[in-house]
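Okay, structure first, notes after.
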Amino acid sequence: MAAPQVDLSVELAGLSLANPVLVASGTFGYGTEYADLVNISRLGGICTKTVTLEPRAGNPPPRICETPAGMLNAIGLQNPGVDVFISEKMPALRELGVPIIVNIAGESVADYVSLAERLSDCADIAALELNLSCPNVKRGGMEFGIRSELTKQVVAAVREVTKLPLIAKLSPNVTNIVGIGEAARDGGADALSLINTLLAMSIDIDRCRPLLANVTGGLSGPAIRPVAVRMVWEVAQAVDLPIIGMGGITSAADALEFIMAGATAVAVGTANFVEPTVAERIINDLESFCQQTGVAHVADLIGAAHSSSDAGGLP
Amino acid sequence: MAAPQVDLSVELAGLSLANPVLVASGTFGYGTEYADLVNISRLGGICTKTVTLEPRAGNPPPRICETPAGMLNAIGLQNPGVDVFISEKMPALRELGVPIIVNIAGESVADYVSLAERLSDCADIAALELNLSCPNVKRGGMEFGIRSELTKQVVAAVREVTKLPLIAKLSPNVTNIVGIGEAARDGGADALSLINTLLAMSIDIDRCRPLLANVTGGLSGPAIRPVAVRMVWEVAQAVDLPIIGMGGITSAADALEFIMAGATAVAVGTANFVEPTVAERIINDLESFCQQTGVAHVADLIGAAHSSSDAGGLP
Amino acid sequence: MVSFVDETAGMYAQPTQLIRHEQVAPGYHLLEFDCPQIAAAARPGQFVHIRVTSSWEPLLRRPFSVMGTNKEEGSFQVLMRTVGEGTQILAEAQSGTEFNIMGPLGNGFALPGPEGEVILVAGGIGVAPLIFLATALHEPNNYRYVRGLFGARTEDDLCCWLEFSGACDEFNGITEDGSVGEQGLVTDFLPPQLERGAGCLYACGPALMLAEVAKQCQDAEIPCYVSVEQQMGCGVGACLGCVIPIHASGTQRYQRVCKDGPVFDAQIVDWEAIRRGCTPG
Amino acid sequence: MVSFVDETAGMYAQPTQLIRHEQVAPGYHLLEFDCPQIAAAARPGQFVHIRVTSSWEPLLRRPFSVMGTNKEEGSFQVLMRTVGEGTQILAEAQSGTEFNIMGPLGNGFALPGPEGEVILVAGGIGVAPLIFLATALHEPNNYRYVRGLFGARTEDDLCCWLEFSGACDEFNGITEDGSVGEQGLVTDFLPPQLERGAGCLYACGPALMLAEVAKQCQDAEIPCYVSVEQQMGCGVGACLGCVIPIHASGTQRYQRVCKDGPVFDAQIVDWEAIRRGCTPG
Ligand SMILES: Cc1cc2nc3c(=O)[nH]c(=O)nc-3n(C[C@H](O)[C@H](O)[C@H](O)COP(=O)(O)OP(=O)(O)OC[C@H]3O[C@@H](n4cnc5c(N)ncnc54)[C@H](O)[C@@H]3O)c2cc1C
Ligand SMILES: Cc1cc2nc3c(=O)[nH]c(=O)nc-3n(C[C@H](O)[C@H](O)[C@H](O)COP(=O)(O)OP(=O)(O)OC[C@H]3O[C@@H](n4cnc5c(N)ncnc54)[C@H](O)[C@@H]3O)c2cc1C
Ligand SMILES: Cc1cc2nc3c(=O)[nH]c(=O)nc-3n(C[C@H](O)[C@H](O)[C@H](O)COP(=O)(O)O)c2cc1C
Ligand SMILES: Cc1cc2nc3c(=O)[nH]c(=O)nc-3n(C[C@H](O)[C@H](O)[C@H](O)COP(=O)(O)O)c2cc1C
Ligand code: FES
Ligand code: FES
């Protein structure tokens, strides 16, 4: 008996993705770094490293350190600036044959608007992801994503200048993630990405000082997955926008947690560093899971865990 | 050469602790459960499981599950109520010969006040810890700890009715932990405990539903340590109150991260389940660390990592 | 009812050596640990809480029933089914490896009354504590006539049936696929046993099996004791993580499997709530 | 300057077997892995990125310089010092164990110019890539006269000095405690070497040693290349986690150790910033 056909495609903010597995911004460079190791054409899409209006040097080292089932990073948005991005990075990205979601960040609303304007003129960009949530820069970044008024304002301003699908990437470092998601929706976002990293730090006890030169950094990796799933769950319940779920995904089982919690697609971040082919493996295993459980279309699983919740169980 | 004498004692909110290592509320029962395995008289103190005015049944099972380097719990504050606590739990607790910090929670300001009144009449309670941060109950709990106005109000109301040292236990599920810490200080708290658990969830993909019957739970264990250290660091910088640091402590090195970040004492939580004698081991290892590094008084290390932070290092 | 358990006996937590490791069927492992204290103190129905790694990932200990003790050698056995990460680590452990083990934990089985025969109903891996119980019920001073029923999915899952049947006076093996013994569910074969009457019944297995056994016993008015499983944190009663729902009003609604159990009088368990929890929707 | 590295050669990530494991001194391990691709492609100064577990804790891969290759056997060697959790796992690994290894990574050493002798300065475990380099510089087509300096804390830490000295034409071993060789810091013995002149110097060791070597070379106007270490995420240039500060204006301030390095022209490195980062306060 041949295995039944499974449809892995999903629709997200007007994009048709061959499958729901993307790679997360800042963890896959500009697409070419992993070209030797990864069959990139299999990916559902690539979110590129945050690009800013001007080039940025980023933070001094050490920029990363390991933590239990996770890592901290304080890269500080090092990037060559949007002009170089368009002239030097996009040509190779475009060759990869998968949807390219360009992640942008600014220090002001005007920065986001200028970025969106320039990128709207550049061919082959599938969508813009607004990074409202970088915890590692002094100005801008997370500032926007922790205040709903600012979130709405940025999204609305960008909405006015571009026809590209807009994905707002939210910060988890907030009391009320639903409120921020609503603000992004009200501003005109087509989709939400969540979550970015949790603001965190480690101390080098031998030197008696913070391990990262930036003092604080963003926590990512499996450690944060339960927080991320909870936020996707809450936002999916309250905000009628498709969600790209991320935070500690390492397997199809992890990806399914996000999808069943309400994510339309997922993005793999930190796990790429450990196992560059992790996204491909997840895509294959998602297919097998659907085959084994008789799910014809992976999209049928989106938010499926919301319908039931009863009590009293034994394992 | 004899090892130099190390003074491990710390002062906290008027309490003199023989050493800075406590066990965290909800993870050590009422002190007797571990009596067979742990030399309890070595502990710096015990924070008891949250007690409420009326008995509470708690949440339906499953109440806990494992996550990467962590666990979720949604106990739902099961407890026998303050009267039974005083009549049946305090007698044994009092025999243990270590400071007993009684953790309380209410659904209203009046609940907290009544609890504080009754416990103030009970002998041998070293301090009250106000749980403003339980994520697992429908009413009260975290509500108080995520809004600074409410935090201040509860603490102030309790302050009026008791002379016992007051420790406000804060929720990490907030945008601005410093603001909440300031509110607790303004309300009259003598110390702060941070952090309680991070609101989180897991999904059982085979059953397509949340793993916990309560849907969401609180994430604890090593996974959250970098978030906890960051919050202690931030609050220590801004709020002039002693801090009990907790979140994922498993070793003296972990405890030292909190102390160097600004905690006067630490509490061990989830690690007790895995290694019941973990607190004793930490106390011994803290002593060795001080001996080896020539620190005469562990209190000299409180906040020590704040004085330096320079950039550019290699590992 | 008296318990096998000496309530004054302590518990231990210590490095313990795996001294024998045998894969007894695909996915089933018999593990023997060197630990004189636990071997001396453990009674049928009690369990041990094993730390499977010296790191903190996987974080929590894993609970396993004691399947038997060897008092002369100072060792005890665990029968383990491979499920996930923790049991996989144990499945790959070489004999000689050290694990930190806490135990013996839990209440254990209460001794049956002197009247009537005893029925033991095992489902799958639930056979482990019942092997220990059957063995104890054949010791001269506790002697009872024991009728054992053991159901499992396939022949492989009817693991250690020889050990179990050897400790019973009568034995009935059942598999769902009929690969060995009778075909069906163990609960299909219970009614005639209950009709024959019995002083007491003990069961251990999947929750839905236990619910059905409890119901049949209630109807037949035969005392029934079940050993149940639940996710555990501390294993000693401190965290309140491992509860099951109980027929009791309001604030007494839940009891701890690790401390108040794992053996419960089936009558006090709220099987309806458990059934709801076991089936999605 | 030409590089040993064939820029068109790919990198690999695959399960790789540990085929030889020898503790060569307390805390030092020589590991040999079976991997024909990496053995064929690796050049001196390149490194491999090893996943020490199949679980996700510890999470990140660990980087190690290639110390040598055995092209016939299709294997390569790593000299490892035990530091923390990851190296501890490797230190305990039995030969036969599989590890997923990525490599070869990084730029590797540029070939020295044809003029003058070559000085190699190793500090502690930094000897590993210099053993590979010294060996390569004694291959007929790359032949150079090599003067090796190797400093370490104690005799134990002067690990594999025989391998290193055997690949050099002149050799100077130095320990801080004088337990073997000359007593002092390796940089104390560098001035006479630089006075004798040299075409080029390569160094690998602790950051503060490299800073001092770089300064002396600058004063002596001898080209100096250093292999540096930094915390790594991806190892392939994607995460920007592993940078070091560079003398360059504004936005060009940092370069990646994994991709732009680990070998850098010492002149472009901002040693002042690195010194500040190395000393508390
Ligand atoms: C009192 C008691 C006695 C038991 N006796 C035995 C026995 O004799 N032989 C045997 O093979 N198994 C027994 N179990 C079940 C055994 O504990 C689980 O199969 C085991 O914990 C699974 O661990 P894992 O890491 O392989 O699975 P995972 O699914 O990866 O475990 C994840 C988490 O869930 C918990 N968990 C998973 N399944 C169960 C379960 N059925 N019960 C409780 N917690 C669970 C684990 O402990 C862990 O915390 C017993 C359970 C209890 C509560
Ligand atoms: C290019 C390069 C080449 C190296 N070559 C060698 C070699 O040949 N032999 C050898 O023994 N060591 C070498 N190292 C250092 C080696 O990578 C570390 O000693 C090792 O990662 C420590 O891991 P751990 O888990 O034992 O230590 P832990 O301190 O527990 O590690 C925690 C984290 O810090 C990182 N880390 C710790 N020390 C270093 C360090 N010195 N450099 C970079 N990251 C570090 C780890 O990779 C891990 O992510 C090299 C490092 C780099 C960057
Ligand atoms: C090293 C690193 C760099 C990152 N850089 C960015 C970035 O530039 N822009 C952004 O929106 N998110 C960035 N992120 C966040 C990830 O895209 C992702 O949201 C987060 O890491 C959670 O997913 P994970 O746990 O799978 O890594 C970065 C994460 C890491 C680990
Ligand atoms: C099972 C469990 C029960 C808990 N119950 C309480 C509680 O009743 N009251 C409270 O203030 N904190 C409670 N906590 C939170 C802990 O006291 C502690 O703040 C938190 O777990 C972080 O520390 P840890 O990571 O070391 O466990 C509980 C934690 C766990 C794991
Ligand atoms: S496992 Fe903690 S109370 Fe039972
Ligand atoms: S380790 Fe990722 S860029 Fe170097």
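Below, chain A is the first sequence line, B the second, and so on; all start at residue 1.
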> Taking atom CD1 of A:Ile224 and atom CG of B:Leu198, what is their separation to the nearest 0.5 Å?
Replying inline: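 Between atom CD1 of A:Ile224 and atom CG of B:Leu198 there are 10.5 Å.
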>> Under the rule for salt bridge (Lys or Arg N to Asp or Glu O under 4.0 Å), what residues qualify as partners of A:Glu287, not counting sequence neighbours?
In response: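 Checked A:Glu287 against salt bridge (Lys or Arg N to Asp or Glu O under 4.0 Å); zero matches.
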>> Going by the rule side-chain contact (heavy atoms from CB on, under 4.5 Å), which residues pair with B:Ala261 if we only count those two or more places apart in sequence or in a different chain?
In response: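 If we apply the side-chain contact (heavy atoms from CB on, under 4.5 Å) test to B:Ala261, skipping adjacent residues, the hits are A:Ile203, B:Val229, B:Val232, B:Trp233.
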>> Restricting to side-chain contact (heavy atoms from CB on, under 4.5 Å), what partner residues turn up for B:Val21, sequence neighbours left out?
In response: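 So B:Val21 forms a side-chain contact (heavy atoms from CB on, under 4.5 Å) with B:Asn19, B:Val266, B:Val268, B:Ala279, B:Ile282, B:Ile283, B:Leu286.
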> Side chain, backbone, both or neither: which part of A:Ile205 has a heavy atom under 4.5 Å from chain B?
Replying inline: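 Both backbone and side chain.
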>> Counting heavy-atom pairs under 4.5 Å with chain B, which one of A:Ala223, A:Pro172, A:Gly70, A:Ala228 comes out on top?
In response: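 When all of A:Ala223, A:Pro172, A:Gly70, A:Ala228 are compared, A:Ala223 has the most.
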> Got a donor-acceptor contact below 3.5 angstrom from the A:Arg230 side chain to the B:Met201 backbone?
Replying inline: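 Flag not set: sc A:Arg230 to bb B:Met201 has no pair under 3.5 Å.
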> So, does B:Thr175 use its side chain to make a donor-acceptor pair with the main chain of A:Thr175 at under 3.5 Å?
Replying inline: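 Looks like yes, one N/O pair under 3.5 Å.
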>> Please determine whether side-chain contact (heavy atoms from CB on, under 4.5 Å) holds for the pair A:Val227 and B:Leu199, giving the CA-CA distance in whole Å, both sets of side-chain angles, and the decisive distance to 0.1 Å.
In response: CA-CA 6 Å; A:Val227 175; B:Leu199 191 58; over 6 Å; no
> Looking only at heavy atoms, which two atoms of B:Ala69 and A:Ala69 are closest? And how far apart?
Replying inline: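 Smallest heavy-atom distance, with atoms named: CB-CB, 3.8 Å.
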> How about residues 247-260 of chain A versus chain B: which residues have heavy atoms under 4.5 Å apart?
Replying inline: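 Within residues 247-260 of chain A, the residues under 4.5 Å from chain B are A:Ala253, A:Leu256, A:Glu257, A:Met260.
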